[in-house]
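Here the structure is laid out as structure tokens; the discussion comes afterwards.
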Amino acid sequence: MNKPSTRQTILVYLLLAIVLIVFLTPIYIIASSSVKPTPIMFQKPPAMIFSPTWDHYIALFSDRPFARFIGNSLIVALGSTAFSLTFGSLAAYAISRIKHRRMGDVAFWILSMRMFPPIAVVVPYYIIFKTVGLLDTPLALIIIYSTVNIPLTTWLMKGFFDEVPTALEEAAAVDGHGLLSAFWHVTLPLAAPGLAVSAVFCFIFSWNEFIFALMLTGSNAQTATVAVMSFWSSDAVQWGRIMAGSLIIVIPGVIFVLTCQRWLVRGLTLGSVK
Amino acid sequence: MAYSRKRNRRIFLGFMVPAILVLFCTTIYPMIYAGYLSFRSYDLAKLFVPRVFVGWANYREVLSSSEFLHTLTVTFKLMLMTLSVQLVLGVGMALLVTQRLPGMGIIRTLLLIPMMISPVIVGLVWLFLYFPELGYLNYFLSFVGVSPVPWITSTQWALWAIAIADIWQWTPFVMMGTAAALTSLSQEPYETARIDGNSNWEVFWHVTLPQIKPVLISLMFLRAIDAFKIYDIIFVLTKGGPGDTTEVLSMFIYRQSFTFWRMGVGAAASFVSLAIIVILITLFFKSLSRDPQLA
């Protein structure tokens, strides 16, 4: 592509300014509304200068045990991430190293597991978890989220393992490393960016998930997304609290975007764009 | 040689066992169970009706009910609305952010943020914007001469209200994938095209577009699979209403199973939706393997 002329340059920046305003305004609204006093919440024109209030945050944590709900979200997200990274990267390594024409089918089968509509299996899950007494426990959510996260990790890590030359492992074998030892000491460190990006996606998916958390948890294992939604009822919408809770839930995603954007593209497109 | 290939293969297969076992227990088994349920009358609201085998009755009921067919229409309509806008806007934005100008890196990064936000939160912030009487969206639109739109309360606009929230969240995804494809294009055809005196538009249509087509197709299938599963945003914004104008397939399954407690009917509807998604997934994989560079 050639260098744009001055007029083109101005046009590009103008259009991008509009794009940025459209895509970032909702995020600004979450942040500003979370510290806006209730009386001016919907004031028009929107109050740009006001003295911020922490009331909504205080109410959020004192009305309901929101800290515990965040704790639940963290337990579920970290648990599912650890579980999925372990199983997913082992499977990915095998798929990457076994040279067999059916291996592609296995990989596709594993990936397809991630794409099924959650709503289609929520009924059997409900009945199964009810029978074994796992309803309303973090473990139930960890198990379910792993069905999405293991395929994702497997698929992403396979791409990263494919890029590690087998010659390095053969050299390690000559040095007396066994298969597991070579995997642990040679291959895995080289695929570390893959582990990081997989971890980010597993964490964010579990942290953001709503349907399963809504249907399979009650007061005990409720996660933050479900708790925020509970401030919305037909008679009174507590916007301040909703926005304060929303901002807390949004923060990890924003941090990940700003710190690992280089790898997110690959994760989001399931490696179909490198 | 100590490095025995046969033994290695057995160890590698062992590596796969845990993942496959977990996936079997957590996906295949519930699906088989759902299949079993779909042939039974499993009605939790009627405790004393025995849960008997009813053959294809649940499927017959689902496939012949006008409500189910309506939700299917709404699902595909929503898919068409979101995908077409996301494709056009996403490609347009990709063409902007791939210009060789300063600041493009940070702009691309900032535009990734919507995708990382929980769909429930996306629903909530758009509910705030759409809110009847109070929401800011109509206020902003009044500056460009648009008279107030009853976003979530009118049968005419509710589906667009949902589509806009989804478009806001996922257009950057199409942009990002397209931008990555654009930057990896070879430069040669462009120089030839320009020497031949083609306009920018002709170059885009005849040179760029055919080259990025495989990527665009993959991106569209990924979006279609997600659009088919859409639930959270609708749950927050309209809960399927007003009336049943925004009731999608997921909503139908949820209502049958957890509002009317008719698990058998819910399971049968789930299986019909699984069949549709299997077709989409197969097409997606076909689109991947057509281009060896991507698979």
Side-chain angles (χ1 to χ4, degrees), chain A residues 1 3-4 9 12 15-16 19-20 23-24 26-27 29-30 42 44 46 87-88 90-91 93-94 97-98 108 110 112-113 115-117 119-121 123-125 143 146-147 150 154 170 173 179 204 208 210-211 225 229 239 242 246 249-250 253-254 256-258 261 264-265 268-269 272-273, chain B residues 3 8-9 11-13 15-16 18-19 22-23 26-27 30-31 33-34 93 96 99-101 107 109-121 124-125 128 134 136 139 172-173 176-177 180-181 215 218 225 229 231-232 250 253-254 257 263 266-267 270 273-274 277 281 285 288 294:
Chain A
M1 270 159 247
K3 246 190 145 23
T9 307
V12 166
L15 289 171
L16 279 174
V19 166
L20 282 177
F23 283 91
L24 297 183
I27 294 154
I29 283 177
I30 297 176
F42 286 104
K44 292 178 190 84
F87 288 176
L90 278 175
Y93 188 56
R97 289 299 180 264
I98 299 178
F108 278 142
I110 290 181
S112 71
M113 291 294 108
M115 296 177 169
F116 283 116
I119 206 90
V121 283
V123 173
Y125 272 132
I143 293 171
S146 301
T147 63
I150 290 178
T154 309
E170 275 152 27
L179 205 61
I204 289 288
N208 283 349
F210 177 70
I211 309 175
T225 47
M229 194 58 206
W239 279 116
I242 288 178
S246 297
I249 296 172
V250 165
V254 174
F256 287 139
V257 165
L258 297 179
Q261 41 90 14
L264 289 184
V265 178
L268 278 163
T269 56
S272 60
V273 172
Chain B
Y3 199 75
N8 280 354
R9 178 174 281 191
I11 297 172
F12 282 138
L13 285 175
F15 279 12
M16 291 170 65
V22 169
L23 285 179
T26 55
T27 355
M31 272 184 217
Y33 194 83
M93 280 158 60
L96 289 177
Q99 298 293 320
R100 288 198 193 145
L101 290 167
I107 292 174
T109 305
L110 288 174
L111 287 174
L112 290 176
I113 295 175
M115 278 180 273
M116 288 286 143
I117 297 179
S118 168
V120 195
I121 309 296
L124 283 168
V125 70
F128 185 84
L134 298 170
Y136 279 117
Y139 170 76
F173 171 79
M176 181 199 71
V215 172
S218 300
I225 291 165
K229 299 189 285 191
Y231 181 83
D232 309 35
S250 309
I253 298 171
Y254 174 78
S257 309
M263 301 282 188
S270 303
S273 84
L274 279 181
I277 208 101
I281 293 172
F285 286 153
L288 278 185
L294 294 173

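Values below: every heavy atom of this structure, side chains too, minus hydrogens, waters and symmetry copies. Here is how names work: the chains are called A, B, and so on, in the same order as the sequence lines, proteins then strands, and each is numbered from 1. Quick caveat: nothing in here was measured; it's all calculated off a predicted structure.
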| Nearest heavy-atom pair of B:S118 and A:N208: which atoms, and what distance? | OG-O, 2.8 Å
| Proximity breakdown for B:L96 and chain A, heavy-atom pairs closer than 4.5 Å | both
| task | Against chain A, work out which of B:T27, B:V22, B:L23, B:I277 has the most heavy-atom pairs shorter than 4.5 Å and name it. | result | B:L23
| message | Quick check: do B:L110 and A:F23 have side-chain heavy atoms less than 4.5 Å from each other? | response | no
| query | How long is the span from the OH atom in B:Y139 to the NZ atom in A:K44, to the nearest 0.5 Å? | reply | 8.5 Å
| If you take all heavy atoms of B:Y33 and A:P124, which pair is closest and at what distance? | CD2-CB, 3.7 Å
| request: Using the side-chain contact (heavy atoms from CB on, under 4.5 Å) rule, take A:L258 and B:T109 through it: C-alpha gap first, then chi angles, then the decisive distance, then the call. | output: CA-CA 7 Å; A:L258 297 179; B:T109 305; 4.1 Å; yes
| request: Using non-hydrogen atoms and a 4.5 Å limit, figure out which bit of B:A34 sits close to chain A: side chain, backbone, both or neither. | output: both
| said: Which atoms of B:V120 are under 4.5 Å from chain A, going by heavy atoms: the side chain, the backbone, both sets, or neither? | reply: side chain
| query | Using non-hydrogen atoms only, which part of A:I150 is less than 4.5 Å away from chain B: side chain, backbone, both, or neither? | reply | side chain
| request: Taking the side chain as every heavy atom from C-beta outward, state whether A:V254 and B:M116 have any pair of such atoms under 4.5 Å apart. | output: no
| Just how far is it from atom CD1 of A:I27 to atom CD1 of B:I121, taken to the nearest 0.5 Å? | 12.0 Å
| What closest approach, in Å, do A:A94 and B:M16 show between heavy atoms, and which atom pair accounts for it? | CB-CG, 3.2 Å
| Less than 4.5 Å apart, any side-chain heavy atom of A:Y125 and any of B:T26? | yes
| Is any side-chain heavy atom of B:D232 closer than 4.5 Å to a side-chain heavy atom of A:I211? | yes
| CG-CD1 distance between A:L24 and B:I113, expressed to the nearest 0.5 angstrom | 6.0 Å
| So, for A:F42 and B:Y136, which heavy atoms are closest and what is the spacing to 0.1 Å? | C-OH, 3.4 Å
| Side-chain touch A:L15/B:M93, heavy atoms, less than 4.5 angstrom | no
| task | Sort out for me which of A:A91, A:P26, A:G253 touches chain B most, counting heavy-atom pairs under 4.5 Å. | result | A:P26
| Which atoms of B:L134 come close to chain A, meaning under 4.5 Å heavy atom to heavy atom: side chain ones, backbone ones, both, or neither? | both
| field | Among the listed options A:F210, A:F87, A:Y93, the residue most often paired with chain B at heavy-atom distances under 4.5 Å | value | A:F210
| said: Among B:F15, B:F128, B:Y231, B:Y254, which residue has the highest count of heavy-atom pairs closer than 4.5 Å to chain A? | reply: B:F128
| query | Under a 4.5 Å cut-off applied to non-hydrogen side-chain atoms, are A:L20 and B:L111 in contact? | reply | yes
